[in-house]
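Lettering of chains follows the sequences in order, A, B, ..., and the numbering in each one begins at 1. Note that the structure is predicted; figures quoted are calculated from it, not measured.
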There are 2 protein chains.
Amino acid sequence: MSVTIKDVAKKAGVSISTVSRVINNSKPVSNEIRQKVLQIIEETGYTPNPVARSLVMKKSQLIGVIVPDISSFFIGEILNGIEEIGKMYAYDILLCNTYGSLEQELRYLKLLKGKQVEGIVLMTWELQDKLIEYLAEIEIPVVLINRNTSKLDIPSVSIDNFQASYDMTNYLIKHGHKRIALIRSNLDSNAFCQDQYRGYKKALEENGIPIDERLVQFGNFKLENSYEIVKNFIKEDILPTAIFATSDTMAIGAINCLLDHGYKVPEDVSVTGFHDTKPASFYRPSLTTIRQPLYDIGAVAIRMIIKKINHIEVHEKIVILPHELIVRKSTGPAPA
Amino acid sequence: MSVTIKDVAKKAGVSISTVSRVINNSKPVSNEIRQKVLQIIEETGYTPNPVARSLVMKKSQLIGVIVPDISSFFIGEILNGIEEIGKMYAYDILLCNTYGSLEQELRYLKLLKGKQVEGIVLMTWELQDKLIEYLAEIEIPVVLINRNTSKLDIPSVSIDNFQASYDMTNYLIKHGHKRIALIRSNLDSNAFCQDQYRGYKKALEENGIPIDERLVQFGNFKLENSYEIVKNFIKEDILPTAIFATSDTMAIGAINCLLDHGYKVPEDVSVTGFHDTKPASFYRPSLTTIRQPLYDIGAVAIRMIIKKINHIEVHEKIVILPHELIVRKSTGPAPA
DNA sequence: TTGTAAGCGTTATCAT
DNA sequence: ATGATAACGCTTACAA
């Protein structure tokens, strides 16, 4: 059996309250006794039982993190930030993987509440209404990553998707591209998705380029999916000179398809990604993409949670982190 | 304040023990009362407090998972398996990221013990002696992934690294390669690393090919590192016709270097990876590699833990999962 | 079948 | 400055 505060108290010849006090520095203890207790603790290798502590303090030192796919490049790096900063504040991470299913999300939200987590970082592909409803009545601090909703006052952290998309489209236009496809997310209900489309549209409009709706396709973030989309461009003979995919993975799918069909990237077609995940730099041709500060997104999110836990006023509900256009080898001037 | 077992008992007009019994089905309860209690539970939305439960049962329903890098392709997929099977058995995952640092590993091991986790899945780059020492005296069930040690009787799950390496080398030899470089792990103290080297060596020896030690290099799993190693091969003018890298990432680093220096893969040099992570299939040229059942490795590991928790005899201490040689486009016949 | 009460390992309130 | 003791929410002998 492991040693408890009682054992320590007995061996030190003091009461358990005194032991508790030296552990937590919660009240003054005479130096003599403190030393004695400290020594016993050292000898016995006593460590306070966090479960008992949680029970009385009603604090678990646990933060739940709900993600749609642990193994995603994108999410892995965000998790790094969450984990590291969390641990810095003595919070542990309870990890939940949902595969994006609403049912799982709801289940885990309940489970985490049961586990007394003090806060929840929520990532999801699609922020569905049912989820929002549940979020509205949960009493635990929640922070959203890369998603937000006007229906509810939940803090979120992301980049400026509108501006990023606008920047990227403009970059392409500046390089002479006029026929620019957009492989956008199919999560139409999400604001971020609309933002990306708006950015794209605005850039085209400002440059007097009409939008060809056939070139605006909905992708599901899967490589195979964008592969098919591009294949279809080829089949329909509407292959543009540039393809703006809203994820690196989809960009790679697009390039693979182009390569497989004998096209050269970027000589024949320029392709861009989004996120700047690891593959963006090691894939060949390396991807022109939008860098998102993934680690920081995670770090900021959990900081917000911790602030809320400690009832520190969170100034900005919606944190926008800076993005950056990274130009690599997958884009070039439009072919003549 | 959230509703407790007391509230339910009072509202139902029964004792808390009765409520506890219907929740846990631990002892017979008359149907009439059971219904009543169930109804109150439903009405009030009561859920048992797992912290209180943990305290008395000395069970936390938590399994600690220690990994060196959450964002690694390799580990992400293993985590999927761990998470999914764990949740299936109502266990939650407490995630700890160590960056491979021994100090962090030790710290987290202690922390997890304090948190009363019921089992620990441990992944590490290098299984250092200090860690083994600590593992020896921890009373919590531990399972190792892709590592094992003769110094201690800890269960582990992995593939047969010797055989896999042997298979791969043989495959290369069969395609006419005689000068085959090995970019092996620099974690020399690990058995798996030795195994890989032994497999490579045996295949060469069996085919009467002498080992050129200059072609056996230690890589640190980083892309940049294998890039440099290959760059050095070129500089020293000892570029082999095949490079067997013991991770996909290192294989990609090698290929990138080759490509950057005007070599063709696989026409000039064949390159193989190890693991079959996602990039292996989308990178171009797609990688010939060793498929490891990553999800299953995680799944089996956590099943072993759960068995140990429940004191079910674990038959085989060392589980070897099947591997598979996946032939893609990064390898071909040796140039004439 | 049901209720009473002890106990899990802490913190916190109140005396002393 | 220190010590009893109640309380946190639950499970589980033991009694009835």
Sugar-phosphate only, base, or nothing, as touched by A/V14 at under 4.0 Å among non-hydrogen atoms: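 Here A/V14 touches the backbone only, sparing every base.
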
Any sub-3.5 Å donor-acceptor pair from [X]'s side-chain atoms to [Y]'s backbone N or O?
X: B/R53; Y: B/P48; answer: no
X: B/E77; Y: B/L294; answer: no
X: B/S60; Y: B/Q116; answer: yes
X: A/N49; Y: A/V51; answer: yes

Of the nucleotides [options], which has the atom closest to the [X] side chain?
X: A/S20; options: D/dC10, D/dT2, C/dT11; answer: C/dT11
X: A/K27; options: D/dC14, C/dC14, D/dG9; answer: C/dC14
X: A/S15; options: D/dG3, D/dA1, D/dT11; answer: D/dG3
X: B/R21; options: D/dT2, C/dG9, C/dT2; answer: C/dT2
X: B/S30; options: C/dT1, C/dC8, C/dT10; answer: C/dT1

Contact nearer the 5' end of DNA chain D, comparing A/I16 with A/P28: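 Of the two residues, A/P28 wins.
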
B/S26 vs B/L55, nearer the 5' end of DNA chain D by closest nucleotide: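 Counting from the 5' end, the first nearest nucleotide belongs to B/L55.
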
Phosphate OP1/OP2 of [N]: any [X] side-chain N/O under 4.0 Å:
X: A/N24; N: C/dT11; answer: yes
X: B/K58; N: C/dG9; answer: yes
X: A/T18; N: D/dG3; answer: yes

To the nearest Å, give me how far apart [atom1] ([X]) and [atom2] ([N]) are.
X: A/K59; N: C/dA12; atom1: NZ; atom2: P; answer: 11 Å
X: B/E32; N: C/dT1; atom1: CD; atom2: C1'; answer: 12 Å
X: A/N25; N: D/dA1; atom1: CG; atom2: P; answer: 13 Å
X: B/I5; N: D/dC10; atom1: CD1; atom2: P; answer: 5 Å
X: A/K115; N: D/dG9; atom1: NZ; atom2: P; answer: 17 Å
X: B/K6; N: D/dC10; atom1: NZ; atom2: P; answer: 10 Å

base_contact_polar (C/dT4 base, B/S17 side chain, donor-acceptor, <3.5 Å):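 Flag set: donor-acceptor pair detected.
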
Ring-face cation of A/K113 near A/Y134 (centre distance under 6.0 Å, axis angle within 45°):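 A/K113 over A/Y134 ring: no.
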
